[in-house]
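Please read the structure below before turning to the comments.
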Amino acid sequence: MCGIVGWIAFQRDLDKERPTLDAMTATMVCRGPDAGGTWVSPHAALGHRRLSVIDLEGGVQPMTVDTPDGPVVMTYSGEAYNFRELRDELRRRGHAFRTSSDTEVVLRGYLEWGEEVADRLLGMFALGIWDGRTDRLILLRDQLGIKPLYVYETEDGVLFGSEAKAVLAHPAVEAVVDRDGFREMMGYVKEPGRAVWKGMREVRPGTMLIVDRGGVRERVYWRLEVDEHHDDTETTVRRVRELLEDSVSRQLVADVPLCLLLSGGLDSSALTALAARKLAEQGARARTFTVDFEQPGDFRADEFRGSPDAPFAREVVDHVGTLHSDIRLDHRKLADPDVRRAVIAARDLPFGFGEGDNSLYLLFKAIREHSTVAVSGESADETFGGYPWFHVPAVQQVAMFPWLTAAQPARTYDQELTVTTLDLPGYLAQRWSDTVAHLPSVPGEDAHERRMREFCYVHVTNWLGTLLDRKDRISMAVGLEVRVPICDHRLVQYVFNTSWSMKTFDGREKSLLRAAVRDTLPASVADRVKASYPLTQEPSYLGEVQRQVGELLADDHRAVEFFDRTALTEAVRGTPEAMTRDGRDACERVLDLAVWLDLYRPAVKLS
């Protein structure tokens, strides 16, 4: 796992621009703490920072193959989980390999198949290939957008990077967020391909950009397709298990210590059980980590979490025999402004998940002391229909992104800003219409099945992007690679085309996943009701948050202008125990925005 950057300019000599490339590459040190490198030619400059995971000695980048017609050079981030099969095929076609890395497999795959190499890759990846034979750049992103890739078009080429900060480090790029960018930040609906910074965009998941002197063209090599599902329930459950086992097995390959994130919920427990079985076959033992909090008193159930994670995680550990550690977080660290600053710097954006982001950062930082690679359960709820709001009739009846309907947006932001200046309600309504308009109908599908197909579609194509971006930025901020086996595009595509009635055949959420892995888990875990990501129940945490927001109000910080000042004042005046969920969210968001404005000093242009 790594960080990549690049600069293509067809009307200038980049041999003289190495300091700028070095500055762009330096922003990716957190993503690649083990090594760095650059490659510069007259019209192409590529940079790379490396986190060594496979072939620690041989996977140095940018990687070059010299041909009689010019060099072909690649900067690559990610993992190709089918690299062994591809390497065998390429050897049969006459290719000789200098390393055992998947990087060289992808590069030689391009030499053999050109653009069609994209159709053969299974994994998570973002890469740039400069083809000196034709003076063109290939930018490629994986099918679900697990790895990020930003691009900024210039007058004579492009800039690109794993994160926005790499592009913003170029002197020609101004940090500007306009009206559309601010709506994207505030809306909690991540449109594929959109970046909040003016002039910048992401390479869309499943997409390749080809850049040459004629400009930039786009090729979509994979998208979530609608097709009729003909397998019966029993066959479908069996196929889900097969795909899960194959994905987990592929993603256990590493030349560094690997662990699993275990919450005691269905998703992470299933991955742990399958991984433990596979590792046991190899004579190895799975290692697991669970997050918990230092806090007084007993766990208190609420609308988001009916039970604590630790007892269920322990049942899984005892059942499958992992080497386990609990990571216990202190509320003082969660509220530490330096931790929030590190998170915002990692994400390049405010308006994330507040305390949840801070605790994830501290969890990943603690895990990094023991492991370089972790396995996580992202996309299970999106793919299998696991969120509570999927199953609320009132939410099902509303033509809107269901997580927004269920959240019932609070009086958090300044209403003049959200309603008049940004027209956030109208923007989100249009986004919903534009998104589902691309979704074909299935013969014989009734209105309810259609709506639930829409819900599944927007979760995979929009909401999942938010979670993958969060996972990638926060993990890479501490040099930890996180793999997500349930994001295997073959599995996502297969389950997407099952009917809603099949996804809920036992009357519960995630019926197909539960049935596919029940035999590997304790019954209590297999039947556990979904719980959201844990938050501390220590009142002192909220007390410190209130104090920090009070300082912003007293100082008239610029961030306060974007919020309902009365709501913020009410939130900080009461006791921590009396703070509402709306008040807690408002406080977290204004603190995030204040840090972001101080760190990036963006020009905000909303008119």
Side-chain angles (χ1 to χ4, degrees), residues 1 53-54 77-86 102 105-106 117-127 140-148 192 204-207 221-225 227 229 231 235-254 258 260-261 266-275 277-279 373-386 456-457 459-461 463-465 467-469 471-472 475 481-498 503 510 512-517 520:
M1 202 56 58
V53 173
I54 294 176
S77 170
E79 308 287 352
Y81 299 125
N82 61 336
F83 77 99
R84 290 172 169 170
E85 298 101 299
L86 293 176
D102 63 323
V105 172
V106 175
V117 69
D119 305 308
R120 297 172 178 264
L121 295 177
L122 173 64
M124 57 177 188
F125 48 85
L127 61 88
L140 180 63
R141 193 175 182 201
D142 66 69
Q143 293 88 345
L144 290 178
I146 303 169
K147 301 312 296 179
R204 293 169 62 93
T207 299
Y221 70 90
W222 185 88
R223 59 167 56 90
L224 195 61
E225 298 281 5
D227 198 5
H229 185 79
D231 293 343
T235 304
T236 300
V237 168
R238 185 167 58 250
R239 181 58 178 156
V240 167
R241 175 62 170 267
E242 291 170 353
L243 288 167
L244 272 174
E245 288 182 335
D246 183 67
S247 183
V248 169
S249 177
R250 292 176 181 277
Q251 298 193 33
L252 296 177
V253 177
L258 177 146
L260 296 107
L261 306 180
L266 176 63
D267 317 334
S268 65
S269 299
L271 294 179
T272 296
L274 295 176
R277 285 187 175 189
K278 186 64 179 179
L279 290 170
V373 176
V375 176
S376 183
E378 273 82 1
S379 97
D381 289 308
E382 293 77 18
T383 300
F384 291 96
C456 293
Y457 182 75
H459 273 84
V460 171
T461 59
W463 182 243
L464 180 59
L467 300 186
L468 291 176
D469 188 69
K471 177 272 306 173
D472 175 85
S475 64
E481 174 180 310
V482 178
R483 298 177 178 178
V484 282
I486 304 176
C487 283
D488 187 308
H489 71 278
R490 302 168 302 167
L491 174 63
V492 173
Q493 177 68 67
Y494 181 76
V495 176
F496 172 67
N497 281 303
T498 60
K503 288 187 177 75
K510 292 190 281 197
L512 292 173
L513 177 59
R514 182 175 288 103
V517 300
T520 70

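Side-chain atoms are counted along with the backbone in the values below, which use heavy atoms only and exclude waters and symmetry mates.
A heavy-atom distance below 4.5 Å is found between the side chains of Glu481 and Met124. Leu274 has its side chain within reach of Arg241: a pair of non-hydrogen atoms, C-beta onward, lies under 4.5 Å apart. Using a 4.5 Å heavy-atom cutoff, the side chains of Thr520 and Arg277 are in contact. Put simply, the side chain of Ser379 does not reach to within 4.5 Å of the side chain of Val484, judged on heavy atoms. Between Arg120 and Leu86, the closest side-chain pair of non-hydrogen atoms falls below 4.5 Å. Within the 4.5 Å cutoff, the side chain of Leu121 has heavy atoms near those of the Leu140 side chain. Using a 4.5 Å heavy-atom cutoff, the side chains of Val517 and Leu266 are in contact. At least one side-chain heavy atom of Lys471 sits under 4.5 Å from a side-chain heavy atom of Ile146.
A ring-ring contact (aromatic ring centres under 6.0 Å, His included) with His489 holds for exactly one of Phe125, Tyr81, Tyr494, Trp222; it is Trp222. Looking at Glu85, Glu79, Glu245 one by one, the single match for side-chain hydrogen bond (donor to acceptor under 3.5 Å, both in side chains) with Arg250 turns out to be Glu85.
At least one donor-acceptor pair under 3.5 Å links the side chain of Lys503 to the backbone N or O of Val495. In this structure, the side chain of Thr207 engages the main chain of Pro205 through a donor-acceptor pair within 3.5 Å. With hydrogens and angles ignored, the 3.5 Å screen pairs a side-chain donor or acceptor of Ser475 with a backbone N or O of Asp472. Of the possible polar contacts, none joining the Ser247 side chain to the Leu244 backbone as a donor-acceptor pair under 3.5 Å is found. Judged purely by atom type and a 3.5 angstrom limit, Asp231 has no side-chain atom pairing as donor or acceptor with the backbone of Thr235.
If you take CG on Asp267 and CG on Leu513, they are separated by 6.0 Å, rounding to the nearest 0.5 Å. Between atom CG of residue Asp119 and atom CD of residue Gln143 there is a gap of 9.0 Å, rounded to the nearest 0.5 Å. With rounding to the nearest 0.5 angstrom, the CZ atom of Phe384 is 8.5 Å from the OG1 atom of Thr498. A distance of 5.0 Å separates CG of Asn82 from CG of Leu122, quoted to the nearest 0.5 Å. Once rounded to the nearest 0.5 Å, the distance linking CG of Leu258 with CD of Gln251 reads 9.5 Å. If you take CG on Leu127 and NZ on Lys147, they are separated by 12.5 Å, rounding to the nearest 0.5 Å.
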Original post:
Given Leu512 and Val237, is the side-chain contact (heavy atoms from CB on, under 4.5 Å) satisfied, shown in steps?
Top reply: CA-CA 6 Å; Leu512 292 173; Val237 168; 3.9 Å; yes

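Taking each heavy atom of Ala380 and Lys510 in turn, the nearest pair found is O-CD, 4.1 Å. Closest approach of Gly78 to Asp102, counting heavy atoms only: O-OD2, 3.8 Å. Taking both residues in full, the closest heavy atoms of Glu378 and Ile486 are given as O-CB, 3.8 Å, listed atom of the first, atom of the second, then distance. Among all heavy-atom pairs drawn from Asn497 and His229, the shortest one is O-CB, 2.9 Å. Closest heavy-atom contact between Leu468 and Cys487: CD2-SG, 3.9 Å. When all heavy atoms of Val492 and Val460 are compared, the pair lying nearest together is CG1-CG1, 3.9 Å.
Between Phe496 and Tyr457, the ring planes lie tilted relative to each other; the angle falls in the 30° to 60° range.
With respect to Asp246 and Arg490, a salt bridge is recorded, a charged nitrogen being found less than 4.0 Å from a carboxylate O.
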